[in-house]
Amino acid sequence: MKEIWDNRMAFILASIGSAIGLGNIWRFPYIAYRYGGGAFLIPYLIALFTAGIPLLILEFTLGHKTENAAPLAFASYRKRWKWLGWFAVAVAFGIVCYYTVIMSWSFIYFFHSFSLSWGNIPEYFFNNMVLERSGSPLQLGGINILVLVFLVVTWMAIYYSIYNGVKTVGKVVYVTVILPWLILLIFIIRGITLPGAMTGLSYYLTPNFAALKDPVVWVNAYAQIFFTLSVGLGIMIAYSSYLPRKADLINNAFIIGFANCFTSFLAGIAVFSSLGFLAHQTGQDVANVVASGPGLAFVVYPTIINMLPFGNRVFGALFFMMLLTLGIDSAFSLVEAASKATIEQWKISRRTLNLFIAGTGILIGLIFTTRAGIYWLDIIDHYLCCYGLVIVGFLEAIFVGYFINTESFRSYMNEQSEIKAGRWWIFFVKIVVPVVLLGTLGYGAYQEFLTPYGGYPTSVLIVGFGFLLILTLVAIMLSKKERRL
Ligand code: PFF
């Protein structure tokens, strides 16, 4: 019998949970600040409407119509395209291998917040006490046992969250979506009532319209939309394949897209009001304290928490609880995409398979638990997110736009939905998405050519790029296998 979501809410929350992740907190606010402040919302929303939502609708329709995860969803139209499905899933799996390591750090910090153990120099604590970071990517320095222990804990949490497939997921997401929203609300209120908050917010929101003339700003807006909606990974295809026959696809895509982007916007308020406070307390300019990525979460935030007038430990624990709940539903959505694809290909029980996936995830994750883990995490993240995801999105649009009957695809989604996709949808999928994503890819490659990413030695970057290549080969090999049910 076909497995389906308990109700529409479960599907919507699970997709929102996948979309809202660490990126909303530690990437969006920084990108917005850097690329035009309040004015960035213009390219960002344009990107949402012209690429994000059209692709979300595309993936939902593909999953719903074929009732399959990515590989068979593509194969049921054109057999030759099956590899693209496996490639999307392989990239998703590659991402979850390091995403879980970031969650492991968050676990460690969650426990440290009860004693504020990072002390007065959080940067030193992060690099030397938690990561025990080595001097370069090539100095692995052995495995950091504590990080490994919490990596295993993270995988156990993932395993149980998808224990019975979407039946369990549909329940877990009520907590993992709603709880971080509530905590975010607490941080917004806390943030804007701190001295210096308004200065921080003016850095975040003061529009710089001149920035809109710069193509780099647009590239970043599209890349961010793409990444934040979790498209191009086969997740939304797998999730929508569990929808009942009668399900509104387009409406759901709008709800999920809006909920995600609104959350990012609010996260920016929480982050920048606190940065304003930090600048105020230390007598610096906000521009000097701005951070993104792990630096924001594990260095700057602990510093801010130290300075709060009261409840430091509680706010510390809440912050890392927020990261954990934000991350877990993105992490298990990445696993579910791979898991469903594999179950469809081989007759294998879900639980055995998920154990195998968790085991492999931990094994590959070992590299990120070494003393050089953070370097490799940064490098692999760069290649998978800047290239892997974007390549899938580009080819997906080309596939639906040029290799299948786009008109009948569109009428299928319209039969299903209250809001109708007009001809605009075809225009976005055939022209806008491919052109923009190709531009993003080209721009990324050009930058890479000018300056090697992150100042790493070329040999190291070749390994990162090689990882992407390996995933491609694995995908091609898997797509040659016949379906065995
Ligand atoms: N959309 C989530 C985030 O922004 O954190 C999850 C995610 C998607 C993580 C894609 C990583 C990624 F490459």
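Ligands are counted one by one from 1 in listed order, and the atoms in each one are counted from 1 as well.
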Counterpart residues, ring pair (Phe, Tyr, Trp, His ring centres under 6.0 Å), relative to Phe262 (two or more places apart): none
Under the ring-ring contact (aromatic ring centres under 6.0 Å, His included) test against Trp81, which residue among Phe399, Phe74, Trp86, Phe87 passes? Phe399
Side chain to side chain contact (heavy atoms under 4.5 Å, CB included) between Phe60 and Met413, worked out: CA-CA 9 Å; Phe60 283 165; Met413 66 179 73; over 6 Å; no
Determine whether a donor-acceptor pair (N or O, by modelled atom type, separation under 3.5 Å) exists between the side chain of Thr472 and the backbone of Leu468. yes
Run the ring-centre check on Tyr44 versus Tyr222 and record whether the distance is less than 6.0 Å. no
Between Tyr242 and Phe11, is the ring centre distance below 6.0 Å? no
Can you tell me which residues line ligand 1 if we count any heavy atom under 4.0 angstrom from one of its atoms, in chain and number order? Ser18, Ala19, Gly21, Leu22, Gly23, Asn24, Ile95, Tyr99, Phe227, Thr228, Ser230, Leu233, Ser330, Cys385, Leu389
